[in-house]
Each structure stands twice: as structure tokens, then as C-alpha cells.
Amino acid sequence: MINLKNYIIALTAMACGTLCCAAKPIAVTSPDGSVSLEFDTKDGVPYYSVKRNGKSILNDSRLGMKLKDAPDFAEDFSVKSTERDSHSETWQPVWGEESSIDNNYNELRVSLQQKKLAPGRNLAVVFRVFNDGIGFRYEFPRQQSLQDFVIMDELTEFAFNECPVTWNIPAEGYRFYEALFRKLPLDSMGKVSTPVTMRCADGTHMALHEANLTDYAAMNLQATPGSNMLKAELTPWQSGEKVFVTDVRVSPWRTLIIADNAGDMALSRIMLNLNEPCAIENAEEFCVPQRYLGVWWCYHMKTATWEAGDRHGATTDNVKRYMDFAARNNFGGVLVEGWNYDWATWDFSFTRPYEDFDIAELNRYGREKGVALIGHHETGGRIANYERQMEDGMKLYADNGMNYVKTGYVGDMLDDKELHSSQFGVRHYRKVIETAAHHRLAIDNHEPVMPTGLQRTYPNLMTQEGVRGQEWDAWCPEGGNPPSHTVTLPFTRGLAGPMDFTPVTFRFENPVMPQTHVNTTLAKQLALFVILYSPLQMASDEIENYEANPGPFKFVCDCPTDWDRTVFPEAEIGRYITTARKEKGGDSWFVGSATGDEARTASINLSFLDPGCTYRATIYRDGENANYDTDPYPVLIEQKDVTSDTVLSIPQGRSGGCAIKLTKLAAK
Ligand code: NOJ
């Protein structure tokens, strides 16, 4: 029998415990109430946790920082104060996958104070909870006991409630994020870059990344076998420090998207919403979305050379030939690599053209034809050399009326010592964006740090590489990109922003490396123009190969690169995808649909079309028996009238696909 006295004591303790605990965590929920976050300190250590629809997503996950030569921001905290805010707006990006973006969240700002270790020292954590996930960041108030300081380690944890399957790339051993995404359980990932994409047992899709990476190091994540917890690992400087905190007193936002399916995850705009509004006046004047061609694939196919000589690609005459073709086919720009001294030594001048390249004449010619000359600054990763010349190099372009520059950082380390994703790299890339903005130049940045949504603030950062692109189909000795790669990217690297993947190769045999070729059908190449989002979208092949295939090429010439709306009628990561986009300011829709390794019949529900209207569908699809590995070339082009009630059933081969233009005709 229970002793009455003990029973009363136990009851009192339980009630007290419940009351104490219930009073302690500080909660904030999303505007629709589906996502909730709790903050708490336990023995002075700050933690947060996240639930969706009452189900745990993140269990208690630690927050904090290890500092250099100062007590850590890791324990001994108590909550000094909290502030709450709610935000609801709709904003219009200069360009994008949609023309307006909702930004609705509830915010909780927790001010923490240390007691004994560093008496009175303050740290704040700001949480924003959206209907489709969360973001949070650290604030480091400048204070007597904390002026400039050095972060040696960020202690942020993400303690998942289960071990989801993930798609990730390793953080080390690959250059510039040009790796294939691996499908692995969370606890066996090792150390990975972000974004990391996850799928839970119940089909919930999630993605961990960061937003607004400013004067900080990029975040990687470390997994531990047998544990569902990931820990932040910042990219270090060569000297081992992670971040020198001076004027910028906030960390980037750590972001977690939580969605019902892959399509909804890819439509989350948390990353963009956690960046600052546009800082460039009248950016739309020069940050203009374009289809572009390039004196480019010829280098990778070795039919021309970057260096001057008999087979020099960047001659005035050859560029004019590309400009003529661009003008005839409705392309807005031509990229020219190999125009400057000295590709023979990679000791680059950004102001001295080769003698057979006339920059002023080409700009004059391009303007006459309505085709922009897109410049190129390959730095070889030599930052000091570039920063010495950057102002003059960009001025040369601006003085010639140019609006675009492709930048590049081929080289294992920047200045032979720092990683691209270190704070050193982050600082340099920002300097380039700001200098370019000053000269009204838009950027296509290759070998970048992983994008984090800065294009909201700087729309001149129009596209970036940081992806294993089509060029791997030219020279990767292990063979080209596998069929699943391009139907994985929209849900992995694509979550970080536009990709300069450079699709639309039309000739798949590779004279340089016969074992390496494009592992898709030709119809899938067309589909990729829609599927792989980039406002500066390249058709990468040599123009002769387009001239030989005018029928399929027509789709590319018609397809815009700026959109009012994007939807995903069907998708499964790595297996298949259908993306539909409505052209900005117009009535037409463009659809790209593709498979991975397996042939399948796509079932494309056109319910996104305006009800009560008829559309003329021009369909470019795999010809009969077209498969990437047997017969990749046949494309069937057919037309039919459709409405929002139509469900198109379209057979697609292995690594096949279809591209569809839907032109609005009239009300039914
Ligand atoms: C690598 C880039 O990805 C590619 O586009 C460029 O042609 C070469 N570097 C040379 O700059």
C-alpha cells in the first residue's frame, strides 16, 4: 500500500516539476500553427527543439560558440529577456522562379546573459518560424566585454528525431561542390556540405542549409554513426580559426525547410526571405534574364583553344558568327572565354585582350544585333592578382557598355592557401558582387561558395556554378553525369539558388574522351532548360550542332528564363521530375519532364492552366525507343489542344524526357 505522506510528497513534486518545466521553455509557432519551436536552457546550456503538427522533428539541440582567448559562448547562460514579432509581406524579386514571394513568420528573439564565466556578457538568438520551416541566427552585441573576437567552433546541433534518408555531397575531397549527390542514411553521411536534403519515413521532406552568408564561414555538417544528430562545422581559415567577428555582428541564418513532398520543399522560399531586400537601385535595368550561347563548348571539345594561336576561339570573327546565330535564334547573349592574356600561363590580365579580339567592335556589333557580349574573368583562384585589377577590369566592360561577366576560381585553394568556402572566400566573393554592382554588371560566378540567397539583396548575382555541370560530360574520365543526376539536382543543390549547369548539348559523342558522353536523350536536354533553373540560362553546345537540329532547337529559342510561377506536378528525387513554369508577364507555360535510370510514362496534370481556356501544346518528346544508352537522338514533335482538365500521358525513355510549350489560345 502506498504511504499517504509519500504519495502527497510525490504528487506535490510532480505538480511542481510540471509547473516549473511548463513555465520554462519559450515557444514560438508558425503563422498557421503547424510548426512550433521551443527554446530552453538546461544547466545554463541553450537548446532549441522543433515540432511539426505536434510531431517531433528536432529534439533538444544545442546552441553556442567556442571562442579564442575568451570564455566560450557555450554555457552559464540565463535568459535576460525575450522579444516577439510577427511579419507578413509579399515582395517582388527582380527575377526569379515566381514574380511574387510571401514572407510570413513569427519571430522570437532571446537575449541571453552569462553569469559567472563572463559576468554580464550577452548573446542573442533570433528564431523565425514559417509555415514551411524555421530559420535562426546568432547576434553578437558589441559590448564592453566583447569587441572584435574569433570563433573557433560553432556548436549548433540539429538533433533529428529519426534517421531520415539524405541526399548530400561530401564536404571534403571534391572541389567546388562538383560531386554527385549520394543517397545515404543521415547517420552515415560523414561530413557534408549544405544543402542536405532529407526524406523521413512518413514522406516528409526536409532540407538543412543557411541563408545570408555574410563575412562568416560556410556551414558544413558532421554526422556521427548511430546518432541522428548533426553538428555544424564551419570551414576554417588555413590557420585554424573559423570566423573573425568584427563589424558584422550576426551569423548567417541556419535554415530547415519542412514540407509534405519534394515539390513543396523546392518551392520553399525561406532562404530568400531570410536575406535583406534589394540593395541595388533600378537593378532590373541591367540584371536582365537571358538565354545565352558561348564560345565555350568548343574548348571542352578541343575544337578551339582559349590561348591565342591557329585555333583561337575568341577571335572577333568567330564571336560575330556566334552573335549572328544568337540574333537569328532569339538569344540575348554570347559568352566569350579566352579573350584576354594569358591563357597560356594562367597569369591573367583583365584589361589586355588578345590582338585578334576587338572588344569595342564586338560591343558595337552586338548592340546592332541586340546581343550582349558576356565577358569572362577566370582568376585561377589568384585573389590578390584579381583584386588588384578588378576595378579596372570591370570598368573596361562597363565602358564598353557590357552588362554581364562570368567569373571563375579554378584552383584548389584561393591564393594557394584558403578554401573557397572559408570566411576569406566569402569576403572576396562579396567584394566582387559589390564592385560589379557599382559598375552595373551582373555576375555568373563559377567555383563559388555555396549560394545562400544573396540574390535577393544583390540581384546582379544572377547565377552560379557550385554544381557538377554539363561540362563533366565533356571530360570526366569516369564517364559523364549519370541519368539520375539531373533529376536529383532540383531538390538538392537547386535549393541553394540558380545553377549555371549549362544544359542543351545536342551532340553526345565525345571525340576527346570517347568513353565519356552525355547520358540523356535529346528530348531530356530540352527538358533540362526548364527543369534546372537559371535566369541566365546557357545552351552550351557549338552552334553547328544546333544548326543541324532546328526542330528541337526551336523549343530552346522560345523558352524564357524568367517566371511568374513554378509548380511541380510530379516528382521523386533521383527518379523523375516534371516542372511547369509560367513565363513572366505572359500567358504561356513551359514544361520540362524527365526520368532518371528507368523509362516511365509521365502523367502530367495540367490543372495549373487557367480554367476555361484552351492551350496549344507543342510537345517535344522522346521518339519511339529513344533511350540514353541505345538511341538518344529521336525527338517527336507534335501538337494538341489541352485545357486545365487534361492529364497528358507521355512515355519517356531511360534518362529521357519531354519539353512542352503551352500557348494560350482563347477561352473555351
Ligand atoms: C571551369 C568553368 O566551370 C568553365 O565553365 C570554364 O570554361 C573553365 N573553368 C575555364 O575558366
Side-chain angles (χ1 to χ4, degrees), residues 169 174-180 292-308 311-314 318-319 322 333-350 353-354 357 373-383 385-386 389-390 393 397 404-414 420 425 429 432 442-451 461-477 480-481 485 489 493 498-505 510 512-513 516 518 528 532 534 536-542:
I169 52 173
Y174 280 86
R175 307 192 311 169
F176 334 123
Y177 313 101
E178 295 185 20
L180 294 172
Y292 75 98
L293 296 159
V295 178
W296 184 73
W297 195 247
C298 53
Y299 300 136
H300 295 279
M301 288 292 117
K302 299 205 189 315
T303 54
T305 59
W306 277 284
E307 324 65 90
R311 290 185 300 120
H312 187 207
N318 196 31
V319 177
Y322 267 77
V334 171
L335 162 73
V336 184
E337 298 197 358
W339 67 277
N340 57 325
Y341 278 90
D342 188 3
W343 282 81
T345 59
W346 274 53
D347 184 7
F348 291 111
S349 160
F350 300 96
Y354 284 126
F357 180 83
L373 181 67
I374 301 179
H376 187 220
H377 285 175
E378 173 56 66
T379 68
R382 295 178 51 209
I383 303 305
N385 179 50
Y386 188 39
Q389 303 183 58
M390 185 161 66
Y397 283 163
Y404 305 97
V405 53
K406 171 176 170 179
T407 49
Y409 296 87
V410 174
D412 282 335
M413 303 294 256
L414 300 179
H420 290 59
Y429 292 120
V432 176
I443 299 170
D444 165 8
N445 182 30
H446 278 222
E447 298 85 29
V449 58
M450 184 59 76
L461 181 60
M462 289 192 74
T463 190
Q464 305 205 63
E465 196 182 34
V467 63
R468 183 173 153 128
Q470 186 100 18
E471 64 186 9
W472 282 70
D473 295 336
W475 41 249
C476 173
N481 291 318
H485 183 51
L489 286 178
R493 162 61 181 83
M499 288 178 281
D500 194 33
F501 180 91
T502 72
V504 197
T505 305
N510 184 336
V512 182
M513 207 173 262
T516 297
V518 177
L528 295 181
L532 301 172
S534 181
L536 289 180
Q537 184 71 296
M538 185 181 210
S540 52
D541 211 338
E542 296 175 76

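Counting starts at 1 for both ligands and their atoms, in listed order.
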Item checked: His312 to Gly338 - nearest heavy-atom pair and separation ->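 For His312 and Gly338, the tightest heavy-atom pair comes out as NE2-O, 2.7 Å.
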Counting from 1, what ligand 1 atoms have a heavy atom of [X] closer than 4.0 Å?
X	answer
Glu465	3 (O)
Glu471	2 (C), 3 (O), 4 (C), 5 (O)
Glu378	9 (N), 10 (C), 11 (O)
Val410	1 (C), 9 (N)
Trp306	7 (O), 10 (C)
His376	11 (O)

Item checked: ring-ring contact (aromatic ring centres under 6.0 Å, His included), paired with Tyr354, selected from Trp339, Trp343, Tyr341 -> Tyr341
Checklist line | Residue among Phe348, Phe350, Tyr404 satisfying ring-ring contact (aromatic ring centres under 6.0 Å, His included) with His377 | finding: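 Among Phe348, Phe350, Tyr404, the one meeting ring-ring contact (aromatic ring centres under 6.0 Å, His included) with His377 is Phe350.
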Note to self: In this structure, is the centre-to-centre distance between the rings of Tyr429 and Tyr409 below 6.0 Å?
What the structure shows: yes
Could you tell me whether a side-chain N or O of [X] sits under 3.5 Å from a main-chain N or O of [Y], the two making a donor and an acceptor?
X	Y	answer
Arg175	Gly411	no
Thr303	Cys298	yes
Thr516	Cys476	yes

Name the closest protein heavy atom to [atom], giving the residue it belongs to and the distance to 0.1 Å.
atom	answer
atom 7 (O) of ligand 1	Glu337 OE1, 2.6 Å
atom 3 (O) of ligand 1	His446 ND1, 2.8 Å
atom 1 (C) of ligand 1	Glu447 OE2, 3.1 Å

Checklist line | Heteroatom distance test (Lys406, ligand 1): nitrogen or oxygen, under 3.5 angstrom | finding: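 Indeed, backbone or side chain, Lys406 has an N or O that close.
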Next item on the list: Would you check whether Trp296 has a nitrogen or oxygen atom less than 3.5 angstrom from a nitrogen or oxygen atom of ligand 1?
Entry: yes
Margin query: Do Met538 and Trp296 have side chains that approach each other closer than 4.5 Å (heavy atoms only, starting at C-beta)?
Written below: yes
Margin query: Heavy-atom pairs closer than 4.0 Å: do any link ligand 1 to the side chain of Trp343, the backbone, both, or neither?
Written below: side chain
Next item on the list: Verify whether one side chain among Thr463 and Asp500 offers a donor that lies under 3.5 Å from an acceptor in the other.
Entry: no
Notebook entry, point to check: Is Phe348 near ligand 1, meaning one of its heavy atoms is under 4.0 Å from it?
Noted result: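 No heavy atom of Phe348 comes that close to ligand 1.
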